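Notes to accompany the following structure.
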2 protein chains.
Amino acid sequence: MPTLSMQDYAKALYVLEQRQPGRISTSALASYLDLSPAAVTEMLHRMAKVQPPLVDYRPRRGARLTTEGQRLALRMLRRHRLLERFLHDVLGFPLEQVHTEAERLEHAVSDAFIQRLAAWMGEPKSDPHGHPIPGPDLQPPDAPGRPFRSLAPDARAQVVQVCDRDPEQLRRLAALGLRPGQRFRVLERDPYEPVFRIRLEPQGTEVLVGPRLAAALRVEPLATEASSS
Amino acid sequence: MPTLSMQDYAKALYVLEQRQPGRISTSALASYLDLSPAAVTEMLHRMAKVQPPLVDYRPRRGARLTTEGQRLALRMLRRHRLLERFLHDVLGFPLEQVHTEAERLEHAVSDAFIQRLAAWMGEPKSDPHGHPIPGPDLQPPDAPGRPFRSLAPDARAQVVQVCDRDPEQLRRLAALGLRPGQRFRVLERDPYEPVFRIRLEPQGTEVLVGPRLAAALRVEPLATEASSS
DNA sequence: AACAAAATTTAGGCAACCCGAAATCCACGC
DNA sequence: GCGTGGATTTCGGGTTGCCTAAATTTTGTT
Ligand SMILES: [Mn+2]
Ligand SMILES: [Mn+2]
Ligand SMILES: [Mn+2]
Ligand SMILES: [Mn+2]
């Protein structure tokens with residue numbers, strides 16, 4: 001089994017490759033993992049050298065996960081998200097705390113643990129932030145919904161995913177009521193600035209969504225029910 | 001928070017001090033942890049040097065836990081045993097697998113996790129091997145029952161604790177039916193060799209208990225019900 | 001009291017990981 | 001084509017934790 005650090009690097013590479021297909025640069029990985037570029041270079045060397053190799057690393061042109069590396073990443077994402085589901089649904093951890101806790105636990109559980117936990121929880125398909133949980137076959141799941149910024153004025157939609165990496169932002173989102181499942185209507189989209197005004201349904205609260213929050217949300221458009229009433 | 005290794009050393013020192021009060025020798029600790037004596041010497045130095053110190057170490061005359069070290073040990077034992085209870089009762093792990101799994105998890109969970117897990121499980125008082133779970137106050141619990149070898153012929157008793165460190169032995173115990181809660185009567189105690197013959201109640205199965213198994217069991221004597229019938 | 005065996009510590013190494021600073025590379029603008 | 005700034009790698013260092021082999025100390029004899 002790869003080391004704890006390799007597990008986190010693999011996950012990070014997977015997420016970054018999803019965002020922007022292609023090779024991932026040392027600096028992109030370093031800033032995502034909050035490590036020095038020097039540390040990342042070294043680790044990429046190690047991950048390219050283990051058998052089987054986890055990354056295809058070409059000095060000065062970044063790295064990509066190998067098939068084996070991708071399997072590792074998906075295995076870790078499955079663990080992470082299943083654990084988050086457990087922490088939130090069963091133990092009642094608040095949304096903004098589950099990520100940190102799962103980030104440590106994911107390395108300590110065994111495959112047997114995950115298999116039993118998944119069965120016991122009824123094979124959940126997504127974590128409490130709305131991220132899809134890879135199945136035991138480790139097929140890459142696809143991200144549900146689409147970016148918030150793609151919404152047109154007057155559209156109705158539902159939050160399907162919130163970003164889990166920034167606890168403070170997550171607290172803000174939670175305070176505003178923007179959690180997975182929340183429905184809303186776009187009231188206004190500023191034509192010049194990337195600012196939206198939305199109304200939560202059914203609460204009726206109005207919320208301003210700027211570029212920071214918008215980037216943290218993915219949404220699912222809904223049929224424009226009772227648009228004139 | 002002390003390192004993962006220090007956490008395991010603290011637990012080991014606590015268990016060994018329970019068995020045999022007084023200073024613990026380097027070699028005793030090394031053999032319990034399955035490490036070289038040199039590694040143990042080094043770690044004892046580190047544990048004596050951190051602030052606050054976890055052990056009182058005097059070169060060539062062994063080590064004892066400080067109050068702080070004992071608190072750490074009890075914190076880890078609470079985590080370990082609570083996790084074992086969860087793994088066995090909720091996820092259905094067999095008795096001989098829970099120890100290994102908990103040995104890793106205990107270092108990855110947070111205090112908040114343990115607090116929530118304990119509450120959710122209804123504050124269990126013992127683990128599936130019968131070991132007492134220290135409370136949140138971290139008071140040293142006392143070992144229930146007494147050694148198996150202290151049983152006299154014809155006595156009735158109940159298994160209250162099985163040793164959890166040897167999976168193979170645990171499988172043997174389970175195969176023989178000797179798990180916590182099992183009642184039995186001592187039919188015979190060899191006067192010369194440390195060998196017992198017992199009959200399980202209510203099954204009626206007869207089992208031979210030699211010195212190895214006897215050392216792995218603690219028992220609670222029962223009233224000699226219906227001794228003549 | 002003197003030795004030898006046993007226990008323990010010290011010395012020297014190694015593997016993971018990480019960092020800051022120095023060197024190196026390469027791509028873009030002129 | 002030629003610098004040069006920014007990205008990247010290399011170098012030297014530091015920490016934790018383990019091992020084997022070589023001292024060293026203690027202990028249990030004769
Ligand atoms: Mn992690
Ligand atoms: Mn998540
Ligand atoms: Mn452990
Ligand atoms: Mn146990």
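This one's a predicted model, so the numbers in the text were calculated from it and none came from an experiment. Chain naming here is simple, since letters A, B, ... match the order of the sequence lines and numbering starts at 1 in each.
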OP1 or OP2 of [N] less than 4.0 angstrom from a side-chain nitrogen or oxygen of [X], does that happen here?
| X | N | value |
| --- | --- | --- |
| Thr3(B) | dG17(D) | yes |
| Thr26(A) | dT9(D) | yes |
| Tyr9(A) | dC18(C) | yes |

Atom [atom1] of [X] to atom [atom2] of [N]: distance rounded to whole Å?
| X | N | atom1 | atom2 | value |
| --- | --- | --- | --- | --- |
| Met6(B) | dC18(D) | CE | P | 10 Å |
| Leu4(B) | dT16(D) | CG | C1' | 11 Å |
| Arg61(B) | dA7(C) | CZ | C1' | 12 Å |
| Leu44(A) | dC18(C) | CG | C1' | 14 Å |
| His107(B) | dT16(D) | NE2 | P | 17 Å |
| Asp34(A) | dG20(C) | CG | P | 11 Å |
| Arg23(A) | dA7(D) | CZ | C1' | 16 Å |
| His45(A) | dC17(C) | NE2 | P | 15 Å |

Nearest to the side chain of [X], heavy atoms from C-beta on, is which of [options]?
| X | options | result |
| --- | --- | --- |
| Met43(B) | dC17(C), dT8(D), dC18(D) | dC18(D) |
| Thr41(A) | dG17(D), dG20(C), dT10(D) | dT10(D) |
| Ala38(A) | dT9(C), dG20(C), dC18(C) | dG20(C) |
| Arg46(B) | dT9(C), dT8(C), dT16(D) | dT16(D) |

- Message: Determine whether the aromatic ring centres of residues Tyr14(A) and Tyr32(A) are separated by less than 6.0 angstrom.
- Response: no

- Message: Is the distance from the ring center of His80(A) to that of His131(A) below 6.0 Å?
- Response: no

- Message: Check this for me: does the side-chain of Glu42(B) come within 3.5 Å of the base of dC18(D) through a donor and an acceptor?
- Response: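 It does, because a donor-acceptor pair links the side chain of Glu42(B) to the base of dC18(D) below 3.5 Å.
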
- Message: What I want to check is whether an N or O donor and acceptor connect the side chain of Arg60(B) with the base of dT24(D) at under 3.5 Å.
- Response: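 Side chain to base: pair present.
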
Indicate, with a heavy-atom threshold strictly under 4.0 Å, whether [X] touches base, sugar-phosphate, or nothing.
| X | value |
| --- | --- |
| Ala39(A) | sugar-phosphate |
| Ser5(B) | sugar-phosphate |
| Arg58(B) | nothing |
| Ser27(B) | sugar-phosphate |
| Pro37(A) | base |

- Task: Verify the distance criterion only: is there a donor paired with an acceptor across the side chains of Gln161(B) and His129(B) at less than 3.5 Å?
- Result: no

- Evaluate the side-chain proximity of Met76(B) to His107(B): yes if any heavy-atom separation is below 4.5 Å, no if none is.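 Contact flag for His107(B)/Met76(B) side chains = yes.
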
- Test: Arg146(B) and Glu220(B) ion pair at under 4.0 Å: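 Salt bridge: no.
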
- In a check of salt bridge (charged side-chain N to carboxylate O under 4.0 Å, His left out) between Asp111(B) and each of Arg116(B), Arg78(B), Arg75(B), which one passes? Arg75(B)

